Number of protein chains: 2
Amino acid sequence: MTELTISKAAKNAGVGVETIRFYERKGLIEQPPKPLDTGFRVYPEETVQRVRFIRQAQEIGFSLREIEELLSLRADPSADCSDVRERAAAKLEEVDRKMEQLGRIRSALDELIAACPGRGALRVCSIMESLVAATGETSTYANAGRRENPR
Amino acid sequence: MTELTISKAAKNAGVGVETIRFYERKGLIEQPPKPLDTGFRVYPEETVQRVRFIRQAQEIGFSLREIEELLSLRADPSADCSDVRERAAAKLEEVDRKMEQLGRIRSALDELIAACPGRGALRVCSIMESLVAATGETSTYANAGRRENPR
DNA sequence: CTGCACTACGTACTACAGTACGGAGTCAAC
DNA sequence: GTTGACTCCGTACTGTAGTACGTAGTGCAG
């Protein structure tokens, strides 16, 4: 099994070499061992998984900072577990919120597709309208107060 | 009902005034009527909904460009419906992919929380490890070929 | 032992999404 | 009719996440 050099790791993870170096500088992936004789980075397979995870998490709206938090969530027997638990629960809530919104957009798309069955649409219907219909006006905290504390 | 000036619209939508102007320049929200006597923008309530939608869609990983696409999806009886349908279907697939990944992260968080029941963790377990476990190695297209077409 | 592809490092540049700023005009209250 | 909060517009600046670039060193195939 050939050793994972930076370009192979990048290729396997589906990113560019510079991205790997960038993540390393950011502390998102661990500094790989650089054998003294060569000075070249050699990656464990796990790094590839990690980079893939990072990309997928980005896809669904997490920033690199948040992804770092996610990745650092680790139930370490030596650490105070309740902290990890708390942070995990917070992230879970975040994820659930995202899922809800995604679900709403999904229904709106479904509805849109249904309304447009092939040729000659029957209903005028946009995503926005579907969403408003689906969520019942959405007017939470509309009509926010006027003129108290205006900047 | 007082008219929605830019700052009120911004407040109701939970964004800054500059963000509204920015979205307007980008074409994400329609140019509001600016009565000749004043020159000030006056917004319909719909704009507030729209801005909220934009923010929520951003939260789950859509770029402004993609959100524009989403918002322009509209089953218009006068237009060729199949194009809209196609684009909607593509977006739907995208949404489904996001939901899957979100679901995986969710289970990983669940598992993490379960493994860490209050005090003194029983298992060492990170998000990454949970995900790898949950997705069965994830090694799709790992072992990508070596040395053919290197860059 | 010469090439060529690869690696390292640092710095610069880019795209995206705002955010801030300055100067000028407007509106409503006092 | 002045003051303070608001609006206009254009331009400049910021943070995030890369991406590119130049220089120099390494590794190995021929």
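None of these values were measured; they are calculated from a predicted model. Throughout, protein chains are lettered first and strands after them, A, B, ... in sequence-line order, and every chain is numbered starting at 1.
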Worksheet entry | Residues in side-chain contact (heavy atoms from CB on, under 4.5 Å) contact with A:Tyr23, at least two apart in sequence or another chain | A:Thr19, A:Leu28, A:Ile29, A:Val51, A:Ile54, A:Arg55, A:Gln58, A:Leu64

Starting at [atom1] of [X] and ending at [atom2] of [N], how long is that distance when rounded to a whole Å?
X: A:Ile6; N: D:dT26; atom1: CD1; atom2: P; answer: 17 Å
X: B:Lys8; N: D:dA5; atom1: NZ; atom2: P; answer: 15 Å
X: A:Glu59; N: D:dG18; atom1: CD; atom2: P; answer: 11 Å
X: B:Leu4; N: D:dC6; atom1: CG; atom2: C1'; answer: 15 Å

Response to the item:
Contacts of A:Ser126 meeting side chain to side chain donor-acceptor pair (under 3.5 Å) (sequence neighbours excluded), chain-then-number -> none

Worksheet item: Looking only at side-chain N and O atoms, does B:Thr5 come under 4.0 Å of OP1 or OP2 in D:dC6?
Response: no

Fill in: D:dT7 OP1/OP2 closer than 4.0 Å to side-chain N/O of B:Ser7
yes

Response to the item:
Expected string for nucleotides 15-25 of chain C under the B/S/- scheme (protein heavy atoms, under 4.0 Å, primed atoms plus P, OP1, OP2 as sugar-phosphate) is -SSBSBB---B

Worksheet item: Say you draw a straight line from CG of B:Leu109 to CG of B:Leu131; how long is it, rounded to the nearest 0.5 Å?
Response: 8.5 Å

Discussion item. I'd like to check the salt bridge (charged side-chain N to carboxylate O under 4.0 Å, His left out) partners of A:Glu86; sequence neighbours left out, ordered by chain and number.
Written reply: none

Worksheet entry | Residue list, salt bridge (charged side-chain N to carboxylate O under 4.0 Å, His left out) with A:Arg87, at least two apart or on another chain | A:Asp83

Worksheet item: According to the salt bridge (Lys or Arg N to Asp or Glu O under 4.0 Å) rule, which pairs have a member within residues 94-103 of chain B, sequence neighbours left out?
Response: A:Arg106-B:Asp96, B:Lys91-B:Glu94

Worksheet item: Looking at the side chain of B:Arg41, which of D:dG27, C:dA8, D:dT7 is the nearest nucleotide?
Response: D:dT7

